[in-house]
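Beneath this line is the structure, given in C-alpha cells, with notes to follow.
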Amino acid sequence: MYSAKEAAKITGLSTATLRYYEKEKLLPPIARNNQKYRQYTDEDIEWIKMIQCMRMANIPIHSIKDYVSLLIQGGKTLEQRFVMVQNHMEDIKKQMVSLQNAFDLTQKKLSFYEKLLADSSYKEMSYSEEWKLFNHGEY
C-alpha cells in the first residue's frame with residue numbers, strides 16, 4: 001500500500017491530480033486507512049499509469065471515462081473497447097505524422113540557422129530577407 005504522496009512520487013503526478021482522477025471516476029475507489037488517508041495498491045498504480053498513457057496520447061478525459069466505465073463492466077464490453085482502442089490508435093498515428101512533420105521543419109530551421117551563423121552578414125539581414133531565404137531554400 002502506498003500513501004498519496006508515495007503514489008504521486010511513483011507516477012510523477014501531483015496528489016491533486018490523483019484526487020482529480022479519483023473525483024472524475026477515472027480510477028476505481030481508492031481504499032482509505034483508519035485516518036481516512038488514501039491507500040494506493042500496486043493495481044491502482046498500474047491503473048494510473050494506463051490513464052497517464054492515454055493522456056499522453058491526447059485522449060480526452062471524457063473518452064477515458066467512457067473507456068474506464070466499459071472496462072469496469074467486464075467482458076460484455078470487449079468489442080466496444082476494441083473499437084475505442086482501434087480509433088485511438090488511428091488518432092495516435094495521425095499525431096505521429098504531425099509530430100514528424102514538425103520535427104522535420106524544426107530540423108530544417110536549425111540547419112538554416114547554423115548556416116546563417118557561419119556567415120557574419122546575417123546580422124544585417126531583415127526578417128523578410130531571412131524568411132525568403134528559408135522558404136526558398138536558397139541558403
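Computed over heavy atoms, backbone and side chain alike; hydrogens, waters and symmetry mates excluded.
Tested against Y2 for a side-chain hydrogen bond (donor to acceptor under 3.5 Å, both in side chains), the candidates D44, T41, D42 yield a single pass: D42. Partner I64 forms a side chain to side chain contact (heavy atoms under 4.5 Å, CB included) with one of E24, M50, K25, M54 and no other, that one being M54. Screening R81, Q73, E79 for a side-chain hydrogen bond (donor to acceptor under 3.5 Å, both in side chains) involving T77 leaves a single residue, R81.
Of all heavy-atom pairs spanning M125 and E130, the tightest one is SD-CA, 3.4 Å. Between S63 and M84, the shortest heavy-atom contact is O-CE, 3.5 Å. Considering all non-hydrogen atoms of both residues, S14 and A8 come closest at C-CB, 4.1 Å. Of all heavy-atom pairs spanning L27 and W47, the tightest one is CD2-CD1, 3.2 Å.
Between K132 and E129 the shortest side-chain heavy-atom distance does not fall below 4.5 Å. At a threshold of 4.5 Å between non-hydrogen side-chain atoms, the residues E43 and P28 do not count as touching. The shortest side-chain heavy-atom distance between K109 and L105 does not fall under the 4.5 Å cut-off. You'll find the side chain of T11 stays beyond 4.5 Å of the side chain of Y40, heavy atoms only. Contact of the F112 side chain with the L116 side chain is registered, since non-hydrogen atoms from C-beta on lie closer than 4.5 Å.
I61 and L18 fall within a single hydrophobic cluster, where Ile, Leu, Val, Met, Phe, Trp and Tyr side chains are chained together by heavy-atom contacts under 4.5 Å. In the hydrophobic clustering of ILVMFWY residues, with side-chain heavy atoms under 4.5 Å counting as a link, I48 and I10 come out together. Hydrophobic clustering, with ILVMFWY side chains joined whenever heavy atoms are under 4.5 angstrom apart, groups V85 together with I59. A continuous path of Ile, Leu, Val, Met, Phe, Trp and Tyr side chains, each step under 4.5 Å between heavy atoms, connects L117 with L133, placing both in one hydrophobic cluster. If you chain together hydrophobic residues whose side chains sit under 4.5 Å apart, I72 and I45 fall into the same group.
Here CG of L13 is found 10.5 Å from NZ of K49. Values are rounded to the nearest 0.5 Å. Once rounded to the nearest 0.5 Å, the distance linking OG of S98 with NZ of K94 reads 9.5 Å. Considering OG of S126 and CD of E124, their distance stands at 11.0 Å, rounded to 0.5 Å. Within the model, atoms NZ of K65 and OH of Y21 stand 13.0 Å from one another, a figure rounded to the nearest 0.5 Å. Summarising the geometry, atom CZ belonging to F103 is positioned 13.0 Å from atom CE belonging to M96; distances are rounded to the nearest 0.5 Å. Atoms CD and CD1, from Q39 and I30 in turn, are 10.5 Å apart once rounded to the nearest 0.5 Å.
Scored by the side-chain contact (heavy atoms from CB on, under 4.5 Å) test, R19 finds T15, A16, R38 as partners (sequence neighbours excluded).
Other residues, nucleotides and ligands contribute over 12 non-hydrogen atoms within 6.0 Å of the CD atom of Q86. No more than 12 heavy atoms of other residues, nucleotides or ligands shown are found within 6.0 angstrom of CE on M89.
Salt-bridge annotation for E6 and K9: absent, with no side-chain N of the basic residue lying under 4.0 Å from a carboxylate O of the acidic one.
Between the side chains of Q95 and D91, no donor N or O sits under 3.5 Å from an acceptor N or O.
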